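Since the structure comes first, as structure tokens, the remarks are kept for the end.
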Amino acid sequence: MSRERFRKALLPPGLENIEKLKKIVDEGNYYGAQQMYKTTSARYTSVGRYTEALDLLQSGACLQLEHDQVTCGGELAALFVETLVKAKVDFDDDYLDRIRKIYKKFPRIPLPENLDLADDEAIHRLSETLGAAKTRVQSCSSFLKAAIKWSAEHGPRKIGSPELHDMLAEYIYSESPEADMTRVCFHFARGRNPKKFASTLVNFMGKCYPGEDDLAIARAVLMYLSIGNLRDANNIMDEIKKLARAKELEFPESELMRFIDYLLQTLMRDALPLFNMLRQKFSSCIDRDPMFNELLDDIGEKFYGVRRKNPLQGMFGDLFKM
């Protein structure tokens, strides 16, 4: 018997370890179980028993997260994706479903409301809650960004799975103490749920600082357009207006919104001179967000074949590298 076959034979069936480690987690020995999940899965991986390694890591990630062990669960979730990469597994619906099952185990804990700011204990609890929320978002984001990168490299879409993008956008928005709307928009625009995206933006409009609602809407539209998606750029504008009316919110009327309306009309035809004229005429409102000019460079390239002055410049530079 070769050494490798001997090593394979030494390892018990994966299900045995899954059941053994579940008992350890249920007993509350989270750290001990974590070390065993990592070492045992590494042994399966080292001898090419990837299926058992993946089953073990998925089980461990879900169990740890069910027990609110976010750091442990997030680490095992990231190892699950790392093992997919090592095994050169192709992206498919089965593995998407497995990632979704892990994602759904990440805790969702609402922030406390109506706090007494004069109560030191309440302030201390709030501080701890905010810290825990930040940890949850970072952990889930690391897991899903790795999964998106894997899906881009081993799936049909170069920008990654739209379902994974939607999951990440939703979690960042719902769980962050102060959601990074640029990242939320970035991922929703690469998803396939413009209605959910529109609902999120309308919800944000009711919470954002005065005068920033038009920036959020423009960012969403430009994000869609920057990847050549004119259909959903138009759809999200219509959906936002409809939802705003239903919630009796005032849709912003500003120079930036006028620019967006004109831009959507312009991109429906071959009108590069008009596109350039709009950028010049509305430059003052476009400059309200430094990112908008970079998005418009992407739009010019997608719709009119305009090459960038700097060919190394990409979508937001290094900001959203996976």
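No hydrogens, no waters, no symmetry mates; every other heavy atom, side chains included, goes into these values. As the structure is a prediction and not an experimental result, all values here were calculated from the model.
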Below 4.5 Å, heavy atoms only, C-beta onward: do [X] and [Y] meet side chain to side chain?
X      : Y      : result
Leu201 : Ile236 : yes
Asp26  : Lys22  : yes
Lys302 : Ser226 : no
Thr83  : Phe80  : no
Arg98  : Leu54  : yes
Phe204 : Asp213 : no
Val25  : Gln69  : no
Arg108 : Arg136 : no

Per the side-chain hydrogen bond (donor to acceptor under 3.5 Å, both in side chains) rule, which among Asp55, Asn17, Thr51 passes with Tyr44?
-> Asn17
Tested for side-chain hydrogen bond (donor to acceptor under 3.5 Å, both in side chains) against His165, the lone hit among Arg157, Lys145, His187, Arg190 is His187
How close do [X] and [Y] get, counting heavy atoms only, and between which atoms?
X      : Y      : result
Leu65  : Lys105 : CB-O, 3.5 Å
Ala189 : Ile227 : O-CD1, 3.3 Å
Cys185 : Ala216 : SG-O, 4.4 Å
Ala78  : Phe143 : N-CD1, 4.2 Å
Cys72  : Gln34  : O-NE2, 3.0 Å
Ala220 : Phe197 : CB-CZ, 3.4 Å

Just by distance, do the side chain of [X] and the backbone of [Y] share a donor-acceptor pair under 3.5 Å?
X      : Y      : value
Ser283 : Gln280 : yes
Ser41  : Lys38  : yes
Gln64  : Gly73  : no
Ser139 : Thr135 : no
Ser151 : Ile148 : yes
Ser46  : Arg43  : yes
Asp92  : Tyr95  : yes
Ser161 : Glu163 : yes
Trp150 : Asp90  : no

Set of residues satisfying salt bridge (Lys or Arg N to Asp or Glu O under 4.0 Å) with respect to Asp97, sequence neighbours excluded |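 Salt bridge (Lys or Arg N to Asp or Glu O under 4.0 Å) check on Asp97 returns Arg100, Lys101.
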What's the separation between atom [atom1] in [X] and atom [atom2] in [Y], rounded to the nearest 0.5 Å?
X      : Y      : atom1 : atom2 : answer
Lys242 : Lys195 : NZ    : NZ    : 5.0 Å
Phe303 : Asp298 : CZ    : CG    : 11.0 Å
Phe292 : Leu215 : CZ    : CG    : 5.0 Å
Leu272 : Met277 : CG    : CE    : 12.0 Å
Glu75  : Leu57  : CD    : CG    : 10.0 Å
Leu296 : Phe282 : CG    : CZ    : 12.0 Å

Under 4.5 Å between side-chain heavy atoms, counting indirect links through other Ile/Leu/Val/Met/Phe/Trp/Tyr residues: same cluster for [X] and [Y] or not?
X      : Y      : result
Leu264 : Leu278 : yes
Tyr31  : Val70  : no
Met291 : Val184 : yes
Ile299 : Val306 : yes
Phe188 : Leu230 : yes

Are Asp166 and Arg192 ion-paired here, with the side-chain N under 4.0 Å from a carboxylate O?
->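 Between Arg192 and Asp166 there is no salt bridge, as every charged N stays at least 4.0 Å from the carboxylate O atoms.
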Salt bridge flag under 4.0 Å for residues Asp297 and Arg279 |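 Yes, Asp297 and Arg279 are salt-bridged.
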So His67 and Tyr30, would you call those rings parallel, tilted or perpendicular, with 30° and 60° as cut-offs?
-> tilted
Quick one: sort the Tyr171 and Phe106 rings into parallel, tilted or perpendicular, breaks at 30° and 60°.
-> perpendicular
Around Lys241, counting heavy atoms of other residues, nucleotides and ligands shown, do more than 12 lie under 6.0 Å from its NZ?
-> yes
CG/Asp94: more than 12 non-hydrogen atoms of other groups inside 6.0 Å |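 Enclosed: over 12 neighbouring heavy atoms sit under 6.0 Å from CG of Asp94.
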Run the numbers on Leu144 and Val81 for side chain to side chain contact (heavy atoms under 4.5 Å, CB included), then give the verdict.
-> CA-CA 9 Å; Leu144 287 178; Val81 178; over 6 Å; no
Check: residues 243-260 side-chain donor-acceptor pairs under 3.5 Å, at least two apart:
residue: Ser254; atom: OG; partner: Asp214; partner atom: OD2; Å: 2.8
residue: Ser254; atom: OG; partner: Leu256; partner atom: N; Å: 3.4
residue: Ser254; atom: OG; partner: Met257; partner atom: N; Å: 3.3
residue: Glu255; atom: OE1; partner: Arg258; partner atom: NH1; Å: 3.4
residue: Glu255; atom: OE2; partner: Arg258; partner atom: NH1; Å: 2.4

Step by step, would you call Tyr173 with Asp180 a side-chain hydrogen bond (donor to acceptor under 3.5 Å, both in side chains)?
-> CA-CA 7 Å; Tyr173 184 75; Asp180 183 341; over 6 Å; no
For Tyr304, what residues pass the ring-ring contact (aromatic ring centres under 6.0 Å, His included) criterion, not counting sequence neighbours?
->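 In terms of ring-ring contact (aromatic ring centres under 6.0 Å, His included), with neighbours along the sequence ignored, Tyr304 is linked to Phe275.
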Salt bridge (charged side-chain N to carboxylate O under 4.0 Å, His left out) between Glu82 and Lys86: does it pass, once the steps are laid out?
-> CA-CA 6 Å; Glu82 186 179 311; Lys86 285 181 181 177; 3.5 Å; yes
Determine, step by step, whether Asn229 and Asp232 satisfy the side-chain hydrogen bond (donor to acceptor under 3.5 Å, both in side chains) criterion, reporting the C-alpha distance in whole Å, the side-chain angles of both residues, the deciding distance to 0.1 Å, and the verdict.
-> CA-CA 6 Å; Asn229 190 345; Asp232 284 334; 2.9 Å; yes
Test Lys20 against Met36 for side chain to side chain contact (heavy atoms under 4.5 Å, CB included), laying out the working first.
-> CA-CA 10 Å; Lys20 180 175 75 175; Met36 293 180 70; 3.9 Å; yes
Walk me through it: do Leu225 and Leu263 pass the test side chain to side chain contact (heavy atoms under 4.5 Å, CB included)?
-> CA-CA 10 Å; Leu225 295 175; Leu263 178 64; 3.8 Å; yes
